[in-house]
Amino acid sequence: MSSVTRIHDLPQHVGESVTLEAWLTGSRSSGKIAFLQLRDGSGFVQGVLPADAVDEDTFQTARALDQEAAVHVVGTVAEDVRAPSGVELHVTGLTLVAAGNEYPITPKEHGVDFLFEHRHVHLRHKRPWAILRIRDLVERSIHDFFAERGFLRFDAPFFMPTAVEGTTNLFEIDLFGEDTAYLSQSGQLYAEAGALAFGKVYTFGPTFRAEKSKTRRHLLEFWMIEPEVAWLDHAGNMQLQEDFVAYLAGRVLEGAKEELALLERDTTVLEATAQGGFPRMTYDAALDALKAAGEELTWGDDFGAPHETILGDLHDRPVFIEGWPTQTKAFYMEPYEDDPTRVKAADLIAPEGYGEIIGGSQRIHDLALLERRIAEHDLPSEAFAWYVDLRRHGSVPHSGFGMGLERLLAWFTGVNHLREVVPFPRMLTRMYP
Ligand code: 4AD
Ligand code: MG
(Lines give C-alpha, C1' and ligand atoms only; values in the text may rest on other atoms or scores of the structure.)
(Ligands and ions follow the chains in the order given, each with its own letter.)
Protein backbone atom coordinates (compact mmCIF):
# COMPACT_ATOMS: atom_id res chain seq x y z
CA MET A 1 0.00 0.00 0.00
CA SER A 2 1.38 3.38 -0.94
CA SER A 3 1.86 5.75 1.95
CA VAL A 4 -0.97 8.11 2.77
CA THR A 5 -0.60 11.74 3.87
CA ARG A 6 -3.08 13.35 6.26
CA ILE A 7 -4.55 16.73 5.28
CA HIS A 8 -3.24 18.25 8.50
CA ASP A 9 0.33 17.57 7.33
CA LEU A 10 -0.05 18.88 3.75
CA PRO A 11 1.74 22.22 4.38
CA GLN A 12 4.93 20.18 4.98
CA HIS A 13 4.64 18.61 1.52
CA VAL A 14 4.36 21.60 -0.83
CA GLY A 15 5.49 20.62 -4.32
CA GLU A 16 5.22 16.87 -3.59
CA SER A 17 2.78 14.29 -4.91
CA VAL A 18 0.66 12.77 -2.11
CA THR A 19 -2.19 10.31 -1.64
CA LEU A 20 -5.18 11.13 0.56
CA GLU A 21 -7.88 8.88 2.01
CA ALA A 22 -10.75 11.32 2.16
CA TRP A 23 -14.44 12.12 1.95
CA LEU A 24 -16.13 14.69 -0.22
CA THR A 25 -17.96 17.40 1.72
CA GLY A 26 -19.01 19.37 -1.35
CA SER A 27 -18.06 20.21 -4.91
CA ARG A 28 -18.73 22.39 -7.90
CA SER A 29 -17.65 21.85 -11.45
CA SER A 30 -17.93 22.87 -15.07
CA GLY A 31 -17.01 20.87 -18.15
CA LYS A 32 -13.45 22.12 -17.79
CA ILE A 33 -12.68 22.03 -14.09
CA ALA A 34 -13.91 20.53 -10.81
CA PHE A 35 -13.38 21.88 -7.28
CA LEU A 36 -13.61 19.17 -4.64
CA GLN A 37 -13.95 19.98 -0.93
CA LEU A 38 -12.23 17.18 0.91
CA ARG A 39 -11.91 16.14 4.55
CA ASP A 40 -10.08 13.24 6.15
CA GLY A 41 -10.71 13.86 9.86
CA SER A 42 -7.40 15.67 10.36
CA GLY A 43 -8.43 18.73 8.35
CA PHE A 44 -10.05 20.19 5.25
CA VAL A 45 -8.58 20.98 1.85
CA GLN A 46 -9.76 21.92 -1.62
CA GLY A 47 -8.82 19.67 -4.54
CA VAL A 48 -8.61 21.32 -7.96
CA LEU A 49 -9.11 19.07 -10.96
CA PRO A 50 -8.79 20.48 -14.49
CA ALA A 51 -10.38 18.16 -17.08
CA ASP A 52 -7.12 17.79 -18.95
CA ALA A 53 -5.19 16.64 -15.86
CA VAL A 54 -6.81 13.17 -15.88
CA ASP A 55 -8.54 10.83 -18.32
CA GLU A 56 -12.19 11.44 -19.22
CA ASP A 57 -13.55 8.62 -16.97
CA THR A 58 -11.78 9.97 -13.90
CA PHE A 59 -13.02 13.48 -14.57
CA GLN A 60 -16.61 12.26 -14.95
CA THR A 61 -16.27 10.20 -11.74
CA ALA A 62 -15.07 13.30 -9.89
CA ARG A 63 -17.93 15.41 -11.21
CA ALA A 64 -20.50 12.80 -10.20
CA LEU A 65 -19.26 12.31 -6.62
CA ASP A 66 -22.00 12.80 -4.06
CA GLN A 67 -21.65 14.33 -0.62
CA GLU A 68 -19.70 12.07 1.80
CA ALA A 69 -18.43 9.82 -1.01
CA ALA A 70 -15.21 8.13 0.16
CA VAL A 71 -12.31 8.56 -2.24
CA HIS A 72 -8.63 7.94 -2.79
CA VAL A 73 -7.10 11.09 -4.21
CA VAL A 74 -3.62 11.60 -5.65
CA GLY A 75 -2.36 15.11 -6.25
CA THR A 76 0.39 17.68 -5.95
CA VAL A 77 0.37 20.02 -2.95
CA ALA A 78 0.41 23.69 -3.98
CA GLU A 79 0.59 26.81 -1.86
CA ASP A 80 -2.61 28.85 -1.79
CA VAL A 81 -2.61 31.94 0.39
CA ARG A 82 -6.41 32.20 0.31
CA ALA A 83 -6.98 28.75 1.85
CA PRO A 84 -7.23 28.53 5.67
CA SER A 85 -4.60 25.77 5.66
CA GLY A 86 -2.42 27.68 3.17
CA VAL A 87 -2.49 24.86 0.60
CA GLU A 88 -4.64 23.22 -2.04
CA LEU A 89 -4.29 19.97 -3.91
CA HIS A 90 -3.85 19.76 -7.70
CA VAL A 91 -5.53 16.45 -8.32
CA THR A 92 -3.89 14.00 -10.73
CA GLY A 93 -5.83 10.86 -9.87
CA LEU A 94 -9.01 9.83 -8.08
CA THR A 95 -10.90 6.64 -7.30
CA LEU A 96 -14.30 6.24 -5.74
CA VAL A 97 -14.27 3.85 -2.77
CA ALA A 98 -17.86 4.20 -1.50
CA ALA A 99 -20.75 6.44 -2.49
CA GLY A 100 -22.33 8.95 -0.10
CA ASN A 101 -25.84 7.64 -0.84
CA GLU A 102 -28.28 10.44 -0.09
CA TYR A 103 -26.38 11.83 2.86
CA PRO A 104 -28.94 13.44 5.19
CA ILE A 105 -27.13 16.61 6.29
CA THR A 106 -27.15 18.71 3.15
CA PRO A 107 -25.56 22.16 2.79
CA LYS A 108 -28.91 23.82 3.59
CA GLU A 109 -29.60 25.00 7.17
CA HIS A 110 -30.82 22.29 9.53
CA GLY A 111 -32.38 22.73 12.98
CA VAL A 112 -30.53 21.65 16.13
CA ASP A 113 -32.91 18.72 16.74
CA PHE A 114 -32.32 17.36 13.24
CA LEU A 115 -28.56 17.63 13.64
CA PHE A 116 -28.57 15.85 17.02
CA GLU A 117 -30.95 13.17 15.70
CA HIS A 118 -28.18 12.58 13.14
CA ARG A 119 -25.31 13.09 15.55
CA HIS A 120 -23.58 9.89 14.31
CA VAL A 121 -22.88 11.66 11.02
CA HIS A 122 -23.12 15.26 12.23
CA LEU A 123 -19.72 14.57 13.87
CA ARG A 124 -18.19 14.79 10.39
CA HIS A 125 -18.96 18.48 10.04
CA LYS A 126 -16.76 21.46 10.76
CA ARG A 127 -18.19 22.73 14.04
CA PRO A 128 -18.20 19.36 15.84
CA TRP A 129 -14.77 18.74 14.31
CA ALA A 130 -13.33 21.93 15.84
CA ILE A 131 -15.09 21.49 19.20
CA LEU A 132 -14.21 17.83 19.72
CA ARG A 133 -10.59 18.43 18.76
CA ILE A 134 -10.48 21.10 21.48
CA ARG A 135 -12.02 18.56 23.87
CA ASP A 136 -9.24 16.13 23.02
CA LEU A 137 -6.59 18.82 23.53
CA VAL A 138 -8.08 19.84 26.89
CA GLU A 139 -8.23 16.21 28.08
CA ARG A 140 -4.57 15.68 27.22
CA SER A 141 -3.62 19.01 28.81
CA ILE A 142 -5.41 18.00 32.02
CA HIS A 143 -3.33 14.84 32.27
CA ASP A 144 -0.16 16.84 31.50
CA PHE A 145 -0.95 19.44 34.17
CA PHE A 146 -1.33 16.84 36.90
CA ALA A 147 1.53 14.64 35.72
CA GLU A 148 3.88 17.65 35.74
CA ARG A 149 2.90 18.27 39.39
CA GLY A 150 3.35 14.74 40.69
CA PHE A 151 -0.32 13.72 40.92
CA LEU A 152 -1.40 10.11 40.54
CA ARG A 153 -4.38 9.40 38.32
CA PHE A 154 -6.84 7.51 40.48
CA ASP A 155 -10.00 5.88 39.13
CA ALA A 156 -13.07 6.02 41.37
CA PRO A 157 -15.92 3.49 40.98
CA PHE A 158 -19.08 4.44 39.06
CA PHE A 159 -21.43 2.26 41.11
CA MET A 160 -21.76 3.74 44.56
CA PRO A 161 -23.42 2.69 47.83
CA THR A 162 -24.06 6.35 48.77
CA ALA A 163 -24.84 9.82 47.51
CA VAL A 164 -22.13 12.49 47.56
CA GLU A 165 -23.86 15.66 46.45
CA GLY A 166 -27.35 15.36 47.92
CA THR A 167 -30.05 12.83 47.17
CA THR A 168 -32.29 14.79 44.81
CA ASN A 169 -30.53 13.93 41.57
CA LEU A 170 -29.38 10.34 42.12
CA PHE A 171 -29.77 7.60 39.53
CA GLU A 172 -30.75 4.44 41.33
CA ILE A 173 -29.71 1.00 40.10
CA ASP A 174 -31.62 -2.07 41.15
CA LEU A 175 -29.16 -4.86 42.00
CA PHE A 176 -31.34 -7.88 41.15
CA GLY A 177 -33.85 -6.97 43.86
CA GLU A 178 -31.16 -7.66 46.50
CA ASP A 179 -29.83 -4.17 47.03
CA THR A 180 -29.68 -0.66 45.60
CA ALA A 181 -26.68 1.16 44.16
CA TYR A 182 -26.36 4.61 42.65
CA LEU A 183 -24.52 5.91 39.66
CA SER A 184 -21.69 8.14 40.82
CA GLN A 185 -22.40 11.87 41.16
CA SER A 186 -18.79 12.44 42.12
CA GLY A 187 -15.66 10.40 42.77
CA GLN A 188 -14.60 12.72 45.59
CA LEU A 189 -15.05 10.42 48.59
CA TYR A 190 -12.84 7.80 46.95
CA ALA A 191 -10.35 10.45 45.85
CA GLU A 192 -10.00 11.38 49.55
CA ALA A 193 -8.93 7.80 50.32
CA GLY A 194 -6.52 8.15 47.37
CA ALA A 195 -5.06 11.43 48.65
CA LEU A 196 -4.27 9.91 52.03
CA ALA A 197 -2.63 6.97 50.26
CA PHE A 198 -0.73 8.80 47.49
CA GLY A 199 -0.61 12.44 48.62
CA LYS A 200 -1.97 13.98 45.42
CA VAL A 201 -4.46 12.27 43.13
CA TYR A 202 -7.06 13.15 40.53
CA THR A 203 -9.99 11.27 39.11
CA PHE A 204 -11.20 11.74 35.54
CA GLY A 205 -14.38 9.97 34.65
CA PRO A 206 -18.06 10.12 33.83
CA THR A 207 -20.49 11.24 36.53
CA PHE A 208 -24.26 11.08 36.51
CA ARG A 209 -26.97 13.37 37.75
CA ALA A 210 -30.69 12.91 37.30
CA GLU A 211 -31.31 16.55 36.42
CA LYS A 212 -34.89 17.04 35.37
CA SER A 213 -34.27 20.68 34.53
CA LYS A 214 -33.68 21.17 30.83
CA THR A 215 -31.04 23.86 30.93
CA ARG A 216 -28.18 24.45 28.55
CA ARG A 217 -25.77 23.86 31.45
CA HIS A 218 -26.98 20.44 32.59
CA LEU A 219 -26.35 16.98 31.22
CA LEU A 220 -27.40 13.64 32.72
CA GLU A 221 -23.92 12.31 32.09
CA PHE A 222 -20.84 14.53 32.20
CA TRP A 223 -17.14 14.11 32.81
CA MET A 224 -15.59 15.43 35.96
CA ILE A 225 -11.98 15.97 37.00
CA GLU A 226 -11.55 15.73 40.76
CA PRO A 227 -8.14 16.41 42.27
CA GLU A 228 -7.68 15.73 45.99
CA VAL A 229 -4.57 16.73 47.94
CA ALA A 230 -3.44 15.81 51.46
CA TRP A 231 -2.11 18.66 53.65
CA LEU A 232 -3.64 21.27 51.31
CA ASP A 233 -5.80 24.04 52.78
CA HIS A 234 -8.59 26.15 51.27
CA ALA A 235 -6.26 28.94 50.04
CA GLY A 236 -3.91 26.41 48.41
CA ASN A 237 -6.91 24.68 46.85
CA MET A 238 -8.06 27.90 45.15
CA GLN A 239 -4.51 28.55 43.93
CA LEU A 240 -4.40 25.07 42.41
CA GLN A 241 -7.71 25.73 40.62
CA GLU A 242 -6.46 29.04 39.28
CA ASP A 243 -3.21 27.53 38.02
CA PHE A 244 -5.17 24.69 36.45
CA VAL A 245 -7.74 26.76 34.55
CA ALA A 246 -5.11 29.31 33.45
CA TYR A 247 -2.91 26.47 32.18
CA LEU A 248 -5.76 24.93 30.18
CA ALA A 249 -6.68 28.29 28.62
CA GLY A 250 -3.03 28.77 27.61
CA ARG A 251 -2.79 25.30 26.07
CA VAL A 252 -5.95 25.84 24.02
CA LEU A 253 -4.89 29.30 22.79
CA GLU A 254 -1.57 27.86 21.72
CA GLY A 255 -2.69 24.51 20.35
CA ALA A 256 -6.13 25.14 18.82
CA LYS A 257 -5.75 28.32 16.77
CA GLU A 258 -7.36 26.83 13.66
CA GLU A 259 -10.27 25.38 15.66
CA LEU A 260 -10.93 28.62 17.57
CA ALA A 261 -10.83 30.58 14.31
CA LEU A 262 -13.27 28.16 12.67
CA LEU A 263 -15.65 28.66 15.63
CA GLU A 264 -15.15 32.45 15.34
CA ARG A 265 -14.33 32.48 19.04
CA ASP A 266 -13.36 35.91 20.38
CA THR A 267 -10.36 34.93 22.54
CA THR A 268 -10.02 38.11 24.65
CA VAL A 269 -11.39 36.48 27.80
CA LEU A 270 -9.36 33.31 27.29
CA GLU A 271 -6.20 35.40 27.00
CA ALA A 272 -7.01 37.17 30.29
CA THR A 273 -7.79 33.80 31.89
CA ALA A 274 -4.42 32.37 30.82
CA GLN A 275 -2.76 35.14 32.88
CA GLY A 276 -4.27 33.82 36.14
CA GLY A 277 -5.03 36.39 38.86
CA PHE A 278 -8.66 35.31 39.32
CA PRO A 279 -10.58 37.69 41.61
CA ARG A 280 -11.97 36.35 44.90
CA MET A 281 -15.32 37.53 46.21
CA THR A 282 -17.13 36.58 49.41
CA TYR A 283 -20.61 35.12 49.35
CA ASP A 284 -21.87 38.21 51.21
CA ALA A 285 -20.28 40.56 48.67
CA ALA A 286 -21.86 38.45 45.92
CA LEU A 287 -25.28 38.90 47.55
CA ASP A 288 -24.68 42.68 47.54
CA ALA A 289 -23.64 42.65 43.89
CA LEU A 290 -26.74 40.64 42.99
CA LYS A 291 -28.96 43.01 44.91
CA ALA A 292 -27.41 45.95 43.04
CA ALA A 293 -28.24 44.12 39.80
CA GLY A 294 -31.87 43.75 40.90
CA GLU A 295 -31.67 40.13 42.11
CA GLU A 296 -32.29 40.09 45.83
CA LEU A 297 -31.55 36.79 47.64
CA THR A 298 -31.81 35.74 51.26
CA TRP A 299 -28.66 34.78 53.16
CA GLY A 300 -28.30 31.02 52.70
CA ASP A 301 -29.81 30.88 49.23
CA ASP A 302 -27.83 29.07 46.57
CA PHE A 303 -27.26 30.81 43.24
CA GLY A 304 -29.17 29.90 40.12
CA ALA A 305 -28.00 30.27 36.54
CA PRO A 306 -29.09 33.95 36.19
CA HIS A 307 -27.19 34.86 39.39
CA GLU A 308 -24.05 33.11 38.21
CA THR A 309 -24.28 34.95 34.91
CA ILE A 310 -24.42 38.32 36.68
CA LEU A 311 -21.46 37.49 38.93
CA GLY A 312 -19.42 36.03 36.07
CA ASP A 313 -19.94 39.15 34.00
CA LEU A 314 -18.34 41.38 36.65
CA HIS A 315 -14.88 40.30 35.47
CA ASP A 316 -12.91 39.40 32.36
CA ARG A 317 -11.79 36.06 33.86
CA PRO A 318 -13.28 33.50 36.27
CA VAL A 319 -14.18 34.65 39.80
CA PHE A 320 -14.08 32.64 43.05
CA ILE A 321 -17.07 32.96 45.38
CA GLU A 322 -15.97 31.86 48.88
CA GLY A 323 -17.17 32.06 52.47
CA TRP A 324 -20.35 30.07 51.77
CA PRO A 325 -22.99 29.44 54.43
CA THR A 326 -22.51 26.00 55.98
CA GLN A 327 -26.24 25.31 55.60
CA THR A 328 -26.05 25.77 51.81
CA LYS A 329 -23.19 23.40 51.12
CA ALA A 330 -22.33 19.69 51.34
CA PHE A 331 -21.86 17.78 54.62
CA TYR A 332 -18.13 17.15 54.18
CA MET A 333 -16.94 20.77 54.03
CA GLU A 334 -14.66 22.18 56.74
CA PRO A 335 -16.17 25.09 58.69
CA TYR A 336 -14.11 28.12 59.68
CA GLU A 337 -12.75 27.78 63.24
CA ASP A 338 -13.88 31.30 64.14
CA ASP A 339 -17.24 31.11 62.34
CA PRO A 340 -18.85 27.67 62.02
CA THR A 341 -21.75 29.14 60.05
CA ARG A 342 -19.42 29.29 57.03
CA VAL A 343 -17.36 26.67 55.22
CA LYS A 344 -13.97 26.78 53.52
CA ALA A 345 -15.43 26.28 50.08
CA ALA A 346 -15.38 28.14 46.80
CA ASP A 347 -17.24 27.99 43.52
CA LEU A 348 -15.41 29.18 40.44
CA ILE A 349 -17.74 31.08 38.10
CA ALA A 350 -16.81 31.57 34.45
CA PRO A 351 -17.48 34.83 32.63
CA GLU A 352 -19.63 35.17 29.48
CA GLY A 353 -22.67 33.43 30.97
CA TYR A 354 -21.19 29.94 31.44
CA GLY A 355 -21.76 29.74 35.19
CA GLU A 356 -20.08 27.48 37.73
CA ILE A 357 -17.21 25.47 36.28
CA ILE A 358 -15.68 24.27 39.57
CA GLY A 359 -16.94 23.44 43.05
CA GLY A 360 -14.33 22.74 45.73
CA SER A 361 -13.55 22.83 49.43
CA GLN A 362 -11.34 21.87 52.29
CA ARG A 363 -12.73 18.65 53.85
CA ILE A 364 -13.59 17.99 57.47
CA HIS A 365 -10.71 15.97 58.95
CA ASP A 366 -11.96 15.80 62.54
CA LEU A 367 -13.67 12.49 63.30
CA ALA A 368 -16.29 13.75 65.76
CA LEU A 369 -17.27 16.71 63.61
CA LEU A 370 -17.67 14.57 60.49
CA GLU A 371 -19.83 12.06 62.39
CA ARG A 372 -21.98 14.91 63.63
CA ARG A 373 -22.42 16.36 60.15
CA ILE A 374 -23.37 12.97 58.68
CA ALA A 375 -26.04 12.62 61.37
CA GLU A 376 -27.30 16.18 60.83
CA HIS A 377 -27.68 15.46 57.12
CA ASP A 378 -29.55 12.21 57.86
CA LEU A 379 -27.05 10.19 55.88
CA PRO A 380 -26.81 6.41 56.46
CA SER A 381 -23.84 6.02 58.80
CA GLU A 382 -23.12 2.37 57.81
CA ALA A 383 -22.58 3.28 54.16
CA PHE A 384 -20.21 6.08 55.17
CA ALA A 385 -18.28 4.01 57.73
CA TRP A 386 -15.23 3.60 55.49
CA TYR A 387 -15.20 7.33 54.71
CA VAL A 388 -15.37 8.22 58.40
CA ASP A 389 -12.66 5.64 59.07
CA LEU A 390 -10.23 7.79 57.04
CA ARG A 391 -10.46 10.28 59.94
CA ARG A 392 -9.29 7.64 62.40
CA HIS A 393 -5.89 6.87 60.95
CA GLY A 394 -3.52 9.82 60.59
CA SER A 395 -6.20 12.28 59.56
CA VAL A 396 -4.81 15.55 58.14
CA PRO A 397 -6.33 18.63 56.49
CA HIS A 398 -6.98 17.96 52.83
CA SER A 399 -8.77 19.71 49.99
CA GLY A 400 -9.96 19.15 46.50
CA PHE A 401 -12.34 20.23 43.81
CA GLY A 402 -14.42 19.02 40.89
CA MET A 403 -14.38 20.62 37.47
CA GLY A 404 -17.12 19.80 34.98
CA LEU A 405 -15.31 19.17 31.72
CA GLU A 406 -18.27 20.12 29.55
CA ARG A 407 -18.86 23.39 31.42
CA LEU A 408 -15.25 24.41 30.83
CA LEU A 409 -15.38 23.33 27.18
CA ALA A 410 -18.66 25.08 26.44
CA TRP A 411 -17.07 28.27 27.74
CA PHE A 412 -13.72 27.80 25.96
CA THR A 413 -15.40 27.07 22.63
CA GLY A 414 -18.16 29.67 23.11
CA VAL A 415 -21.04 27.30 22.26
CA ASN A 416 -24.43 27.97 23.76
CA HIS A 417 -25.34 24.46 24.98
CA LEU A 418 -23.33 21.74 26.71
CA ARG A 419 -24.61 19.12 24.27
CA GLU A 420 -22.27 20.50 21.61
CA VAL A 421 -19.08 19.58 23.47
CA VAL A 422 -19.85 15.84 23.91
CA PRO A 423 -19.75 13.34 21.05
CA PHE A 424 -23.08 11.77 22.13
CA PRO A 425 -24.85 13.94 24.74
CA ARG A 426 -27.19 12.41 27.29
CA MET A 427 -30.13 14.56 28.33
CA LEU A 428 -33.73 14.15 29.39
CA THR A 429 -34.68 14.94 25.82
CA ARG A 430 -31.93 12.96 24.08
CA MET A 431 -30.91 9.29 24.37
CA TYR A 432 -30.58 8.59 20.62
CA PRO A 433 -28.24 7.91 18.87
O1 4AD B 1 -20.28 21.44 42.45
P2 4AD B 1 -20.37 19.97 42.29
O3 4AD B 1 -21.65 19.30 42.59
O4 4AD B 1 -19.18 19.40 43.20
C5 4AD B 1 -18.92 18.09 43.44
O6 4AD B 1 -19.42 17.15 42.89
C7 4AD B 1 -17.77 17.88 44.41
N8 4AD B 1 -17.88 16.52 44.98
C9 4AD B 1 -16.49 18.09 43.66
C10 4AD B 1 -15.25 17.92 44.52
O11 4AD B 1 -15.04 18.74 45.41
N12 4AD B 1 -14.47 16.90 44.26
O13 4AD B 1 -19.97 19.57 40.81
C14 4AD B 1 -18.71 19.94 40.30
C15 4AD B 1 -18.83 20.51 38.91
C16 4AD B 1 -19.67 21.77 38.79
O17 4AD B 1 -18.94 22.91 39.18
C18 4AD B 1 -20.01 21.77 37.31
O19 4AD B 1 -18.91 22.26 36.56
C20 4AD B 1 -20.15 20.29 37.01
O21 4AD B 1 -19.48 19.59 38.03
N22 4AD B 1 -21.55 19.86 36.94
C23 4AD B 1 -22.22 19.54 35.81
N24 4AD B 1 -21.84 19.58 34.52
C25 4AD B 1 -22.76 19.21 33.59
N26 4AD B 1 -23.98 18.78 33.86
C27 4AD B 1 -24.41 18.71 35.16
N28 4AD B 1 -25.63 18.24 35.43
C29 4AD B 1 -23.50 19.11 36.19
N30 4AD B 1 -23.58 19.17 37.54
C31 4AD B 1 -22.38 19.62 37.97
MG1 MG C 1 -21.40 23.11 42.87
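Counting starts at 1 for both ligands and their atoms, following the listed order. Sequential numbering from 1 along the given sequence is applied to the chain's residues.
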**Q** Looking only at distances, please establish whether an N/O atom of ligand 1 is found under 3.5 Å from an N/O atom of L219.
**A** yes

**Q** Determine, using heavy atoms of R363 and all atoms of ligand 1, whether some pair is separated by less than 4.0 Å.
**A**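 Heavy atoms of R363 do come under 4.0 Å of ligand 1.
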
**Q** Any idea which protein heavy atom is nearest atom 16 (C) of ligand 1, and the distance to it?
**A** E356 OE2, 3.3 Å

**Q** Here's a test for you: under salt bridge (Lys or Arg N to Asp or Glu O under 4.0 Å), which of E406, E308, E356 qualifies with R217?
**A** E308

**Q** Of all N, O or S atoms in E356, which has the smallest distance to the Mg ion (ligand 2)?
**A**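 Going through the N, O and S atoms of E356 one by one, OE2 ends up nearest to the Mg ion (ligand 2).
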
**Q** Return yes or no for this condition: an N or O of G404 is under 3.5 Å from an N or O of ligand 1.
**A**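 Yes.
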
**Q** Relative to each other, are the rings of H234 and Y336 parallel, tilted or perpendicular (30° and 60° limits)?
**A**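 Plane angle over 60°, so perpendicular.
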
**Q** Students should be able to answer this: which protein heavy-atom is nearest to atom 5 (C) of ligand 1, and at what distance?
**A**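 Atom 5 (C) of ligand 1 sits closest to the protein heavy atom E165 OE2, 3.3 Å.
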
**Q** With F146 as reference, evaluate F244, F204, F154 under the ring pair (Phe, Tyr, Trp, His ring centres under 6.0 Å) test and give the passing residue.
**A**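 By the ring pair (Phe, Tyr, Trp, His ring centres under 6.0 Å) criterion, F146 pairs with just one of F244, F204, F154: F244.
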
**Q** Any ion pair linking E420 and R135 (charged N to carboxylate O, less than 4.0 Å)?
**A**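 Judged by the 4.0 Å cut-off on N to carboxylate O distance, R135 and E420 do not form a salt bridge.
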
**Q** Polar-atom distance check: E228 versus ligand 1, any N or O pair below 3.5 Å?
**A**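 There is no such contact.
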
**Q** For the residue pair Y202 and F151, categorise the inter-ring angle as parallel (less than 30°), tilted (30 to 60°) or perpendicular (more than 60°).
**A** perpendicular

**Q** Below 3.5 Å, N or O to N or O, backbone or side chain included: is there any such pair between E226 and ligand 1?
**A**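 Yes - when backbone and side-chain N and O of E226 are compared with those of ligand 1, one distance drops under 3.5 Å.
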
